[in-house]
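Working notes, beginning with the structure itself.
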Amino acid sequence: MKEKLQSIKEEALKAIESADVPEKLNDVRVRFLGKKGELTAVLKGMKDVAPEDRPKVGQLVNETRAAIEEVMEDTRRKMERAIREEKMKQEVIDVTLPSKKNMVGHRHPNTIALEEVEQIFVGMGYEVVEGPEVEYDLYNFEKLNIPADHPAKDEQDTFYINKDIVLRTQTSPVQARVMEQGKLPIRMIAPGRVFRSDEVDATHSPSFHQVEGLVIDKNISFADLKGTLEVFAKELFGPETKTKFRPHHFPFTEPSAEVDVSCFKCGGKGCRFCKGSGWIEILGCGAVHPHVLEMCGIDPKEYSGFAFGMGLERIALLKYEIDDMRLLYENDIRFLKQF
Ligand code: DAH
């Protein structure tokens, strides 16, 4: 019996030694110590041992079992440590490697300029509204006092979807849309994209942006328009800014004007920026034509108003001293990230 136990132990230790992964150790456990294992079989054979020898044999079996278990556990611990160390070596983090930088985007100069314009008018109680970019000829032209044969239509040649629908040439049709809703008084600005069949150059693009403004209430006069735009120009270009209203013609306003601001670069003395004149044109405006009010369902005897429209790109180019509008559309990150 003793020899049998000794040989089981030797075989078990050999099997443990040759095990190279924890799974193989498990097989050894099953083979020698498991329910159907070799050592268990010896215990089961105790009934054939003489009763007086049983305690002695039992003790021997337990000792053998303990010896095998001890070596097995020891081997398992060593194996697991080796595996862990190998894994750590593979997962080593090199803290000296340069990190991957996240590229954080930011607002386009057009957007920055628009937000500034919006903030100024919202501060004066204006609402910001939007209109469709694909617009009826009726709103883009007819309701703004530009009938089919009007020469102004020629100046604003655009892309026709069909004979009644165009890509809007200006944000002014939003005026007509808002007036038609009949909620008075009105104090709104309408920023958005507009289209004209223009060739691309430093100051033109077939697609650009405008910001429209409209105020309709009782007793609104040209003086209100002047005051409003003066405040606007000072907020946008600085408190020293002067404004000049030059008579002009727009079909949907009467009287109409173009507004210049004193050059914020030279203060009005004349420089390269203002082409020597001391003034920079920024927008068109006027008192809303009574015929436009009528066409939009507003009684011109009771209500009056003013309107204005400016090119957003022009504002952005002026504010950031950019001399070519194309730079705004080329999406060159080296250019855009400067703002
Ligand atoms: N829509 C005009 C244009 O594109 C600009 C304009 C002028 C808008 C006078 C107005 C205005 O609201 O009153 O040239």
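Order of listing sets the numbers, starting from 1, for every ligand and every atom in it. In this text the structure is predicted, and so the values were computed from the model without any measurement.
- Taking a cut-off of under 4.0 Å to the non-hydrogen atoms of Gln210, the atoms of ligand 1 that pass are 3 (C), 4 (O).
- The pair Glu240-Lys234 does not meet the salt-bridge criterion, since no charged nitrogen lies less than 4.0 angstrom from a carboxylate oxygen.
- Between Phe308 and ligand 1, at least one pair of N/O atoms sits closer than 3.5 Å.
- Residue Phe252 places a heavy atom under 4.0 Å from ligand 1.
- Considering backbone and side-chain atoms alike, Gly284 places every N or O at 3.5 Å or more from each N or O of ligand 1.
- For the pair Asp137 and Lys153, the salt-bridge criterion is met [side-chain N within less than 4.0 Å of a carboxylate O].
- Taking the six-membered ring for Trp and thresholds of 30 and 60 degrees, Tyr139 and Tyr136 have ring planes inclined between 30 and 60 degrees apart.
- Under a 4.0 Å criterion applied to the non-hydrogen atoms of Gly286, ligand 1 contributes the atoms 13 (O).
- Every atom of ligand 1 with a heavy atom of Ser172 under 4.0 Å away is listed here by number and element: 1 (N), 8 (C).
- Using a 4.0 Å cut-off between charged nitrogen and carboxylate oxygen, Asp74 and Arg77 count as a salt-bridge pair.
- For ligand 1, the atoms closer than 4.0 angstrom to any heavy atom of Gln170 are 1 (N), 2 (C), 3 (C), 4 (O).
- The heavy atom nearest to atom 3 (C) of ligand 1, considering only Arg196, Glu212, Glu155, is found in Arg196.
- Taking a cutoff of 4.0 Å between a charged side-chain nitrogen and a carboxylate oxygen, Glu258 and Lys244 do not qualify as a salt bridge.
- Interface of Gln175 with ligand 1, defined as ligand atoms under 4.0 Å from a residue heavy atom, comprises 12 (O).
- The shortest N/O to N/O separation between Thr169 and ligand 1 does not fall below 3.5 Å.
- For Lys218 and Glu302, the salt-bridge test passes: some basic side-chain N is under 4.0 Å from an acidic carboxylate O.
- Taking every heavy atom of Phe250 and a limit of under 4.0 angstrom, the matching atoms of ligand 1 come to 7 (C), 9 (C).
- Using a 4.0 Å heavy-atom cutoff, Met310 is absent from the residues neighbouring ligand 1.
- Note on ligand 1: His248 sits outside its first shell, no heavy atom being nearer than 4.0 Å.
- Using the six-membered ring where Trp is involved, Tyr126 and Phe308 have ring planes that are tilted, between 30° and 60° apart.
- Contact check on Arg31 versus Glu11 returns a salt bridge, with a Lys/Arg side-chain nitrogen under 4.0 Å from an Asp/Glu carboxylate oxygen.
- Within ligand 1, the atoms closer than 4.0 Å to a non-hydrogen atom of Ala307 are 12 (O), 13 (O), numbered from 1 in the order shown.
- Remark: Arg196 does not engage Asp157 in a salt bridge, criterion side-chain N to carboxylate O under 4.0 Å.
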